[in-house]
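Following: one structure in C-alpha cells, then a few remarks.
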Amino acid sequence: MNKAEKAQADGLVVVFSPESCVQCTATYRALDAKDIEYRTITVADGDDETRGLLRELGFMQFPVVWAPGVGYWAGFRPDKIGEIHGRLA
C-alpha cells in the first residue's frame, strides 16, 4: 500500500504538496476556512515513488488533492473545495 492509499483509507481529504507552494497554502487556508478536515502528505524532492504515482495520474503541478466522492484535482480549486463543503453540510 503506497502513501496515497494509506492516506485515503481514513476517508479524509488528502493534499499532496512540496514544502513550499503558494497554491498549496491557498488550498490549506480554504479548507481550514470551511472546517474541512484533511491530511497533508509532503512530497520531498527525492520522493520518486510519490512523484511517480502523481505523474502516472497525469498531474504535473501542486497541490494534488484527493477527496472522497470528488476524486483528484491539481492546483488551487475553490470550486472543488466548495463541492466538498457542500457534501459535508
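These numbers come from the heavy atoms of this one structure, side chains and all, not from hydrogens, waters or symmetry mates. The chain is numbered in sequence order, starting from 1.
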For Gln61, does the CD atom sit with more than 12 other heavy atoms under 6.0 Å from it, leaving out its own atoms? yes
Quick one: [atom1] on [X] to [atom2] on [Y], what's the gap to the nearest 0.5 Å?
X	Y	atom1	atom2	value
Ile36	Leu88	CD1	CG	6.0 Å
Leu12	Trp66	CG	CH2	8.5 Å
Thr25	Gln23	OG1	CD	10.0 Å
Arg29	Lys34	CZ	NZ	15.5 Å

Parallel, tilted or perpendicular: which fits the ring planes of Tyr72 and Phe59, with parallel below 30° and perpendicular above 60°? tilted
Decide yes or no for [X] and [Y]: does some side-chain heavy atom of the first lie under 4.5 Å from some side-chain heavy atom of the second?
X	Y	answer
Thr27	Pro63	yes
Phe76	Ile81	yes
Asp45	Glu19	no
Thr40	Ser17	yes

Is there a donor-acceptor contact under 3.5 Å from the side chain of Arg87 to the main chain of Gly69? yes
For the pair Arg51 (side chain) and Ala44 (backbone), establish whether a donor and an acceptor sit closer than 3.5 Å, ignoring hydrogens and angles. yes
Are [X] and [Y] joined in one hydrophobic group, where the rule is that I, L, V, M, F, W and Y side chains link up if heavy atoms are under 4.5 Å apart?
X	Y	value
Val13	Val64	no
Leu31	Val70	yes
Leu57	Phe62	yes

With Tyr38 as partner, the option from Ile84, Asp32, Val65 fulfilling side chain to side chain contact (heavy atoms under 4.5 Å, CB included) is Asp32
